[in-house]
There are 2 protein chains.
Amino acid sequence: MVSTRSVSESVNGGCVVTIADVARHAGVAPSTVSYVLTGKRSISADTKTRVRESIRELGYQPHASDRVLSTGRTNVIGLVLPLRAGTHLPAVMRFVTAAVTTARRYDMDLLLMTADDGAAGLRRAANSAQVDGFLVMDVEMDDDRVPLLRQLSKPSVLIGHPAAARGLTCVDLDFEAAGAKCVDHLADLGHRSIGFLGAPSAVYRRSTGFAHRTMNGFSAAAMRRGVAATALAVEGDHDSVLRATKALIRAHPSMTALVVHNEAALGWITACLRAAGRQVPGDVAVVAICPDELAEQTSPLLTSVRLPAEELGRHAVDLLVAKLEGKQPPPLMLLPPRLSRRASTPDHAAHRGATG
Amino acid sequence: MVSTRSVSESVNGGCVVTIADVARHAGVAPSTVSYVLTGKRSISADTKTRVRESIRELGYQPHASDRVLSTGRTNVIGLVLPLRAGTHLPAVMRFVTAAVTTARRYDMDLLLMTADDGAAGLRRAANSAQVDGFLVMDVEMDDDRVPLLRQLSKPSVLIGHPAAARGLTCVDLDFEAAGAKCVDHLADLGHRSIGFLGAPSAVYRRSTGFAHRTMNGFSAAAMRRGVAATALAVEGDHDSVLRATKALIRAHPSMTALVVHNEAALGWITACLRAAGRQVPGDVAVVAICPDELAEQTSPLLTSVRLPAEELGRHAVDLLVAKLEGKQPPPLMLLPPRLSRRASTPDHAAHRGATG
DNA sequence: CTGAAAGCGCTAACAC
DNA sequence: GTGTTAGCGCTTTCAG
């Protein structure tokens with residue numbers, strides 16, 4: 001199979017064709033070529049066509065994508081995805097999967113920008129014309145990338161939303177409502193003492209949006225419903241879950257329900273509770289906040305508030321593309337939580353009727 | 001819960017801190033700062049700390065697009081990942097996760113190139129200097145991207161390997177050996193009639209490497225061991241699994257074992273066999289080829305040949321980086337299959353001792 | 001209208 | 001070990 005050799009291979013020993021090569025070939029100065037490309041000053045039609053000719057003949061690529069210059073678009077979406085302490089990769093990958101699939105429909109690719117250098121990384125990517133726009137994940141309540149996102153010439157969509165979301169486009173699950181929904185469900189069943197196992201502590205220390213809001217929603221609802229509530233952060237490993245579970249029970253022996261907002265911990269919850277002398281759901285009812293598939297892979301099946309990673313990822317891309325096309329989508333798309341009741345929260349006979 | 005504000009606010013001052021500023025502040029040469037940053041030559045501990053100090057104080061952030069300029073490197077790896085019919089996204093994402101994590105250690109990002117325009121897409125990406133090199137997935141036995149990859153000025157590593165892998169760098173599980181290992185395990189247990197449920201038919205139609213080779217290994221081993229074997233492709237959905245299961249049993253009522261090479265199907269296998277009147281493992285033993293985690297999420301636990309997605313992804317990045325650094329890694333890294341016996345293949349009493 | 005030349009911020013070959 | 005100095009490919013003055 002012989003490929004049609006373009007002239008580019010003869011120049012520069014088969015390597016990259018530079019603007020200088022084009023200039024030489026067209027008999028003009030490099031700057032002239034640059035001006036033809038950028039259109040930042042008027043060029044005689046004659047020169048212009050000659051340069052264009054040389055560019056084509058030499059197969060010159062303006063060192064980004066040829067599309068960047070002709071269309072101004074790279075067809076690449078930057079997915080800003082800091083991999084910080086406590087990040088649960090499988091959870092994140094659900095978003096990525098959804099985003100990549102959706103992006104595909106617009107003939108776009110995804111650049112996974114996993115550097116955790118925050119605003120600086122963003123600025124760099126924005127300047128380097130690598131991407132047309134950004135999808136930003138792992139948003140904190142007071143995120144230092146937010147002011148920059150507002151200034152940036154490139155559009156962006158946040159998966160999650162900071163405290164001050166003005167001027168941004170965000171998609172998110174209503175995590176406050178989600179946290180509250182868990183409490184309400186359990187309180188309705190008669191539970192008066194509810195524990196909460198959350199994300200790894202590092203996640204709260206950063207005030208990561210989803211974790212922070214869920215906690216808030218949980219606490220507020222507990223107050224409202226007058227139930228005792230205690231929350232603990234848990235790392236992803238088995239030991240941490242076991243320790244947290246036992247600590248919770250030691251502090252509140254009367255605890256009859258548990259809300260879990262930690263996908264990594266889900267698999268161990270039942271076993272750890274048993275190790276602490278509690279049966280699920282006999283002694284302790286459990287509600288998880290996680291994708292439905294996860295809740296259906298445990299035994300017993302867990303009642304859960306659905307984490308619609310796929311929807312969020314899809315909407316985010318849709319919104320970003322809309323912005324790229326000059327449309328002005330709504331600034332905040334907040335999906336309402338949906339609870340699916342499963343085996344882990346049966347009717348709570350002991351306290352039936354005690355509901356305030 | 002109040003978040004601890006980090007020092008990074010000084011960056012927001014607006015002015016860009018350059019490497020020269022740092023050098024001046026630390027009383028060294030710009031290059032020294034550069035070397036401290038890159039670690040490309042030894043620096044006295046004293047100087048190093050002084051420079052680090054200045055970097056922190058000034059809030060210096062390396063400007064990466066310029067790094068690209070002077071090094072010719074973008075620090076982006078193109079992950080060529082066609083999303084074709086039959087592609088099981090969760091499986092693919094395991095590789096992506098591993099690759100992204102590993103790339104991170106080299107301070108590189110991943111560009112998910114999901115366009116399925118094969119060689120053309122590759123060439124475009126290669127010329128436009130968007131990426132430093134390629135990781136190529138979903139490799140077919142006779143892949144039309146292979147000749148191009150050989151010519152390309154950018155290095156590449158294939159996850160999977162084509163029939164003619166000369167001149168390429170490939171990482172792969174030894175899928176032939178994997179297929180064979182399943183048969184051997186079952187034959188050793190005395191099974192004389194083994195079914196095979198494979199990937200979606202589209203995957204075989206393309207002669208996708210991993211599916212093709214597994215089938216080959218399976219069939220060859222069955223011949224060698226003198227056991228009856230029948231293979232069927234299955235799509236990912238429940239109906240297809242049910243249909244295939246029933247078809248298999250109708251054709252070979254004496255079938256006592258099943259090899260499953262289809263992650264999407266795994267969850268339904270036991271239920272479908274039961275629906276067809278067969279208990280696992282009482283009537284039919286099952287061996288899966290899948291990641292260990294998956295095999296341990298079913299009931300009963302499945303004996304499996306481990307699909308080391310994480311290792312493969314990690315090695316692929318390691319190899320690519322090695323090539324980027326001018327090293328010449330071995331052309332083919334073929335991981336040996338490892339079988340973990342679990343509940344789905346107990347001793348096969350009925351045929352004990354019948355083994356040839 | 002066009003060319004020469006000075007950088008952009010950073011790296012790496014070359015000195016000492 | 002460290003400083004000097006030339007570029008990387010392109011943009012953008014400043015002179016024609």
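For the numbers below, each heavy atom of this structure counts, side chains included, while hydrogens, waters and symmetry mates do not. Letters A, B, ... mirror the listed sequences (proteins, then strands); counts begin at 1.
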[N] [atom2] sits how many Å from [X] [atom1], rounded?
X	N	atom1	atom2	answer
Arg41(B)	dC14(C)	CZ	P	13 Å
Arg50(B)	dG1(D)	CZ	P	14 Å
Tyr60(B)	dT11(C)	OH	P	6 Å
Lys48(A)	dT2(C)	NZ	C1'	14 Å
Ile19(B)	dG3(D)	CD1	P	13 Å
Leu58(B)	dG9(C)	CG	P	15 Å
Arg73(B)	dC10(C)	CZ	C1'	15 Å

For [N], does OP1 or OP2 lie under 4.0 Å from any side-chain N or O of [X]?
X	N	result
Thr18(B)	dC8(C)	no
Ser34(B)	dT11(C)	yes
Tyr35(A)	dT13(D)	no
Lys40(A)	dT11(D)	no
Ser44(A)	dT2(C)	yes
Ser42(A)	dC1(C)	yes

Indicate yes or no for a side-chain donor-acceptor contact from [X] to the backbone of [Y] under 3.5 Å, with no hydrogens or angles considered.
X	Y	result
Arg314(B)	Ala98(B)	no
Arg104(A)	Thr114(B)	yes
Asp109(A)	Val76(A)	no
Lys323(A)	Ser156(A)	yes

Sugar-phosphate only, base, or nothing, as touched by Leu37(B) at under 4.0 Å among non-hydrogen atoms: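 Since no nucleic acid heavy atom lies under 4.0 Å of Leu37(B), the category is nothing.
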Sugar-phosphate, base or nothing in reach of Val28(B), heavy atoms under 4.0 Å: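 Sugar-phosphate contact only - Val28(B) comes under 4.0 Å of backbone atoms but never of a base.
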Flag if over 12 foreign heavy atoms under 6.0 Å of CZ, Arg56(A):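 Counting neighbours around CZ of Arg56(A), 12 or fewer heavy atoms of other residues, nucleotides or ligands fall under 6.0 Å, so no.
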Polar pair under 3.5 Å, donor/acceptor by atom type, side chain Ser70(B), base dA12(C):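 By the distance-only test, no, there is no pair.
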Check: Ser31(B) side chain, dT5(D) base, donor-acceptor under 3.5 Å: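 Check fails, no donor-acceptor contact within cut-off.
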Closest-nucleotide ordering on DNA chain D, the 5'-leading residue of Thr71(B) and Thr47(B):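 Closer to the 5' end of DNA chain D: Thr47(B).
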